[in-house]
Amino acid sequence: EDQVTQSPEALRLQEGESSSLNCSYTVSGLRGLFWYRQDPGKGPEFLFTLYSAGEEKEKERLKATLTKKESFLHITAPKPEDSATYLCAVQAAQAGTALIFGKGTTLSVSS
Amino acid sequence: ETGVTQSPTHLIKTRGQQVTLRCSSQSGHNTVSWYQQALGQGPQFIFQYYREEENGRGNFPPRFSGLQFPNYSSELNVNALELDDSALYLCASSPQDRGGETQYFGPGTRLLVL
């Protein structure tokens, strides 16, 4: 069964304290791995798409990496405005074009 | 470029009623997917529409149905509402989906069933 597990469930950081969020996945043929940011009561906001192991993408303080079994979202010197829930999703060959989401990691950054 | 829009933003219904949620896809996108997100959970795939036809369905009962129109906008209909249907309903659009295409989400419709 295709599934996605994110850890930790919640993460509290001080402003400037770098850390990483983990997304482990089990899929039958990865078509793509997606990272989204979601603010409370809002729709997910697209961050990155990764397609193959070894691929990396960066945007401001965020960097996403991909291996054959997991992806990491590295946050460098976070600011309070980075506080949100970060969702990881995969698209698997046998699941068509549906996105399979993890439960997310809720990040809180305090000043 | 116009993003994905959804209406209404909030809705309150009672058990047994029917509801219709609407979505306008992002300019240039002809594929629309619907997701249900319960509180504290990740979104769950309901179904996808491409060229006005259902193109994949998740583990949701037939009382969840949908439509896509020639302008690529879409509707999600839910009949015989149950308390567990209370959730954030998300619409996402993407270009013709051959696999691996990024899906862009709208702001969602918050449905409360009493």
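In what follows, chains are A, B, ... by sequence order, proteins preceding strands, each numbered from 1.
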Q.
To the nearest 0.5 Å, what is the distance between CD on Q37(B) and CZ on F101(A)?
A. 8.0 Å

Q.
Distance check, rounded to the nearest 0.5 Å: Y35(B) atom OH versus L99(A) atom CG?
A. 3.5 Å

Linking I/L/V/M/F/W/Y whenever their side-chain heavy atoms sit closer than 4.5 Å, directly or via other members, would [X] and [Y] fall into one cluster?
X: L21(A); Y: V90(A); result: yes
X: W34(B); Y: V4(B); result: no
X: F64(B); Y: L88(B); result: no
X: L76(B); Y: Y72(B); result: no
X: L83(B); Y: I46(B); result: yes

Minimal non-hydrogen separation, [X] against [Y], with atom names:
X: Y36(A); Y: T102(B); result: OH-CG2, 4.3 Å
X: G42(B); Y: L87(A); result: CA-CD2, 4.4 Å
X: Q91(A); Y: Q103(B); result: NE2-NE2, 4.0 Å

Q) Judged by atom type as modelled, is there a donor-acceptor pair below 3.5 Å linking the side chain of Y104(B) to the main-chain atoms of E45(A)? A) no

Q: Please flag which part of Q44(B) lies under 4.5 Å from any non-hydrogen atom of chain A: side chain, backbone, both or neither.
A: neither

Q: Please look at F47(B) and chain A and tell me whether the side chain, the backbone, both or neither of the residue comes under 4.5 angstrom of a heavy atom of that chain.
A: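 Answer is neither: F47(B) stays 4.5 Å or more from chain A.
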
Q. Heavy-atom count around E53(B) CD within 6.0 Å, excluding the residue itself: above 12?
A. no

**Q.** Flag if over 12 foreign heavy atoms under 6.0 Å of CG, L39(B)
**A.** no

Q.
Does any backbone or side-chain atom of Q38(A) lie under 4.5 Å from a heavy atom of chain B? Answer side chain, backbone, both or neither.
A.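 For Q38(A), the side chain is the part near chain B, not the backbone.
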
Q.
Any non-hydrogen side-chain atom of P44(A) less than 4.5 Å from a side-chain atom of L90(B)?
A.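 With C-beta onward as the side chain, the pair touches.
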
